[in-house]
Amino acid sequence: MIALLIRDLRLALRAGGGFGLGLAFFLLVAVLVPLGVGPEGTTLAKIAPGVLWVGALLACLLSLDRIFALDFEDGTLDLLATAPIPLEGVVAIKAFAHWLVTGLPLVLAAPVLGVLLHLPQAGYGWLVLSLLLGTPGLSAIGAFGAALTVGLKRGGLLLSLLVLPLYVPTLIFGAEVVKRGAAGMAVEVPLLLLAGITLGAQAALPFASALALRINLR
Amino acid sequence: MIALLIRDLRLALRAGGGFGLGLAFFLLVAVLVPLGVGPEGTTLAKIAPGVLWVGALLACLLSLDRIFALDFEDGTLDLLATAPIPLEGVVAIKAFAHWLVTGLPLVLAAPVLGVLLHLPQAGYGWLVLSLLLGTPGLSAIGAFGAALTVGLKRGGLLLSLLVLPLYVPTLIFGAEVVKRGAAGMAVEVPLLLLAGITLGAQAALPFASALALRINLR
Amino acid sequence: MPELGKYAFAVLASYGAGLALLGAVVALVVWRFRRAKAALIAAEARLAARAAQGHHGQANGGRA
Amino acid sequence: MSIWEYANPKKFIETAGRILPVLLPLAMGFLLIGLVWGFFFTPEDYKQGATVKIMFLHVPAAMMAINAWGMMLVASLIWIIRRHHVSALAARAAAPVGLTFTLIALVTGALWGQPMWGTWWEWDPRLTSFLILLLFYLGYIALWQAVENPDTAADLTGLLCVVGSVFALLSRYAVKFWNQGLHQDSTILKVGEKDPLDPAYYWPLIFCLIGIVLLFLALVLIGTVTEIRLRRLAVIEARERQEA
Amino acid sequence: MEFVIEDLAVARGGVCVLEGVRLALSPGQAVILRGANGIGKTTLLRTLAGLQPALRGTITAPPESIAYGAHADGLKSVLTVEENLAFWAAIHGTSGIEPALVRMNLADLRDRRAANLSAGQKRRLGLARLLVSGRPYWLLDEPTVSLDTASVALFADVLRDHLAAGGAALIATHIDLGLPEARVLDLSPFKARGGVIASRGFDEAFL
Amino acid sequence: MEFVIEDLAVARGGVCVLEGVRLALSPGQAVILRGANGIGKTTLLRTLAGLQPALRGTITAPPESIAYGAHADGLKSVLTVEENLAFWAAIHGTSGIEPALVRMNLADLRDRRAANLSAGQKRRLGLARLLVSGRPYWLLDEPTVSLDTASVALFADVLRDHLAAGGAALIATHIDLGLPEARVLDLSPFKARGGVIASRGFDEAFL
Ligand code: HEM
Ligand SMILES: Nc1ncnc2c1ncn2[C@@H]1O[C@H](COP(=O)(O)OP(=O)(O)OP(=O)(O)O)[C@@H](O)[C@H]1O
Ligand SMILES: Nc1ncnc2c1ncn2[C@@H]1O[C@H](COP(=O)(O)OP(=O)(O)OP(=O)(O)O)[C@@H](O)[C@H]1O
Ligand SMILES: [Mg+2]
Ligand SMILES: [Mg+2]
């Protein structure tokens, strides 16, 4: 299992693995929105939590198809399915690797982008915390979507369509934490709910994803 | 050439071609942003032009890799390159087909999504007009990006990174038209600039794209 | 025609759009039904023809 | 005889053929009576004016939009647990119908909202959940269409339906948390309580509701028969390919 | 522990392609699968490897005893030969990739990235994976594709050692591997004769 | 009009693989390219088809006279046989796909989607594209892969007719096509001997 994690990280770090691309995309969204919306600080400050969360979500989304598709195409997935580690474990590890490569950099970069969007001072801590709690859930949910669409050619757009509605609760609670935190309100309830969703997704979805993979390998 | 256009449209319409998915993604962005930003109508109305334009841009972006990648993978591109039609024409036609399949539906759906984002009454006409003028440019620019990345496996994220900066001027002028239009201000300047970008992209980029394709085929 | 007053547009448009959508889905379902039926009948005919010639009523040919 | 007998495709087609000639006219009849009654012969509401007439389309469509998803969930579970093909195909047949009902609820709701709330759209929790339901329908249908092998498609969409239902519920809760709403609560089932639905609207609404339920059943039956035939067609074509 | 197949029927794309297949494979034995293109060799091997369900029949094998070698090698082009092989050794919980590298004549290429290997070298690396899997039953789908004659002979040697060490192999191939001691199983008699439809039992109602 | 290659050198992945290739192909002639795996047959054909630049040497051919048949067939799986072929006919400005369908024994399959064709049938469709291209010089890269013997014979007939009608063909293949009248060109003597670096002129500075 550790071997799989190391391999996935190594693949992501070598050329073509796409490490850092998610980050760049996050940055792009954070830049594009002010360009589209206009430069007034007050408006930006108001929408900053939501935009940052939507940006994180899209950045995560765009790298999802790499979770399984490359392994499917070169036959590795067949071999992993017959290997002595449970496919559920494979899915969980790969989702974790995806989080390390995509989610974690987003968490670290978010404060910088918060500056671009005039996020109020009080919000930064909550932004980082909410992303830290939320993005692992995004990876687990995304892995499920990736498992559903693994056999399809260029299924990226379909993958988005399937996964984004599943991201809705995470998005709402995540953005709510930041919004309330920035306004100095109590954040316990959405924070707990956010953590709950992530935990639930991490615990239950690998089974569904492994099932979807088995179906697609058939 | 007409044959190529008809074939591309037919491919998009048959199962798996991805027609309609771009539209669904546009809808998703329009739904996600309020979920992140919050439900107040006044805030939404203020950011509606920018969000709609960013959404259109992302929806366009996600379907770009289909322009050439499928034809590259199954060898069609090799054969088209040796066929008696210029590769520049192939590129232009394929960008046009992409616009018909992705851009045009976005233009038609935009007013409905404007409702979701509380776009002010005066903005609808300008929204449609600016998208109508701008999206063909997006397709032409996107085709260039797609040509650059055609040989890469799962190059979707890289493609996004290459193309998004190129979309910046279109985005700025497009959103500006809608913003000014919604506020009842004069829109001639950004509208003309938008049309200029699209015309320029349509006229010049097919040559660059064809060159990129030739290099990738080598 | 009932008197709808200032709400005429809302009511009429609702009924118009609602009935149009209902009509569309009914038409779609019926159209697909017809098409599938015709295609299946054609395929069964091909199957029967093939069973009759050459295949010596082999295996399940008759069940078609 | 067990109920699963009807899960036999041949038997299903036969039974559907016997039910439909009754069901379809009945559905059309109820719907027609309800809509005509509601449109022409109901009084104006003291608060909402003539716009109450929209209710006769809006409420049945909204209810069936949710119930159709529920039916797809049940059918998907039956397919996943007991592997009855007809059940998977019924779920598939229900999806476009449910999608249409969702659209009708949204469109009529928007048209109603303009005179009542002064806006076409408000991010009210119920309205928002419906928009999210629309997205789930779209994703479900797109996945069915994208996967070529019918059994694989049935398995994957079944899985999506089950997982999606959990997330749809979560979303409903999240949206309520996110915004308090304008939309009125359900009163249709509150007969006998205070503030019930005016009896002048009650009966036409009941007719419309019954009509929509029957129409849904009829369309799903027709659609399922279509899917069964397409499935058999695919089998025949695969066999021809093998022999070629 | 034997590997026994009884009255097996396998399907692909919704159509039964082989039926009534029976076979017993004991340690030390090798069986060559023969049959025309498209008869269903790959399908049979995938079913035996547990990647797809059998339509009918039973497969009895010791748990976790099967190593499957597919058409595709499952190599990562950005990893080196050594990294690729070490990964599979770690997954199977075996150690020491050295002997496998040497046996498959890959020792000199150990630091080369898989992307820069020729087709035959890639194939050799794919076969080395079998050695580090440490499993007794090898199911191989055209293992010698794109190998030159010297490499084919090398592979035959490896196979013979594996059999001598108590392993067994079931090999689908069109060419002569130079293993006279192997039994040959011709699949033509098992070809399904139309009409039998795939999805388990229930689906027959669709006909 | 002749098709003449003089002192050609071709490169792949930055390395010169063949050099000094010379060949003249007149109407009515067929030439078979032979050579081990990886010697550069595909590279040579792609260069001749104009898909990649030659390193050195000249290629003289009438304009728009070359039809290239690659490893991949360029078929769209969601289009039917007829739609696929009609598309290529339209691209090449020829009309009447009927004779091509009949010649390649595809008439019965005309309404079948390409996804549902067997590998051999797909290949026949790919070869039918040559017929509708209306071009005299065919450059074919292993055209008979996955064809059974009957189809190979069918293809040889088509080829013979093409030659009789004043066409010509250059065919890379490992098997015997049953065309005794064809000349054979063995590529082994042209194999580039290390040290010669690809990118024209400029790269030599790095040596
Ligand atoms: C586009 C947006 C709308 C959507 C998605 C929507 C959705 C729904 C749903 C799901 C129901 C059934 C709920 C139940 O019975 O529990 C319902 C009922 C109802 N809706 Fe809407 N609605 C929308 C807009 C409106 C508007 C603008 C009005 C009027 C001001 C309205 C008035 C009603 C009424 C009166 C009922 C019946 C409640 C009852 O008595 O049970 N809706 N709507
Ligand atoms: N996805 C699919 N859908 C429908 N039929 C398929 C599909 N894949 C394969 N087949 C058919 O199933 C049959 C068995 O294929 P299989 O790959 O097992 O053959 P094989 O014996 O391995 O052939 P080869 O020697 O070419 O490897 C073939 O006739 C093929 O046409
Ligand atoms: N992308 C690449 N980068 C580096 N070298 C390559 C690349 N592609 C091919 N080669 C090398 O170029 C040489 C020529 O390849 P080519 O495909 O032309 O051979 P071929 O004669 O067609 O072989 P085959 O008989 O297998 O089709 C081979 O030695 C191969 O290793
Ligand atoms: Mg095979
Ligand atoms: Mg070659």
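Chain naming here is simple, since letters A, B, ... match the order of the sequence lines and numbering starts at 1 in each.
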**Asked** For Tyr173(D), does the OH atom sit with more than 12 other heavy atoms under 6.0 Å from it, leaving out its own atoms?
**Response** no
**Request:** Evaluate the side-chain proximity of Leu138(D) to Leu28(B): yes if any heavy-atom separation is below 4.5 Å, no if none is.
**Result:** no
**Message:** For Trp126(B), is the CH2 atom crowded, meaning more than 12 foreign heavy atoms sit under 6.0 Å from it?
**Reply:** no
**Asked** Should we say atom CD of Gln202(B) is surrounded by more than 12 heavy atoms from elsewhere, each under 6.0 Å from it?
**Response** yes
**Fill in**
Rounded to the nearest 0.5 Å, the CG atom of Leu27(B) sits from the CG atom of Leu135(D) at a distance of 5.0 Å
**Asked** With chain D, which of Val112(B), Val31(B), Val115(B), Leu116(B) has the greatest number of heavy-atom pairs at distances under 4.5 Å?
**Response** Leu116(B)
**Asked** So which heavy atom on Leu44(B) is nearest to which on Trp123(D), and how close?
**Response** CD1-NE1, 3.3 Å
**Asked** Hey, which of Gly38(B), Ala24(B), Pro39(B) has the most heavy atom pairs under 4.5 Å with chain D?
**Response** Pro39(B)
**Asked** Under 4.5 Å between any side-chain heavy atoms of Thr128(D) and Leu35(B), yes or no?
**Response** yes
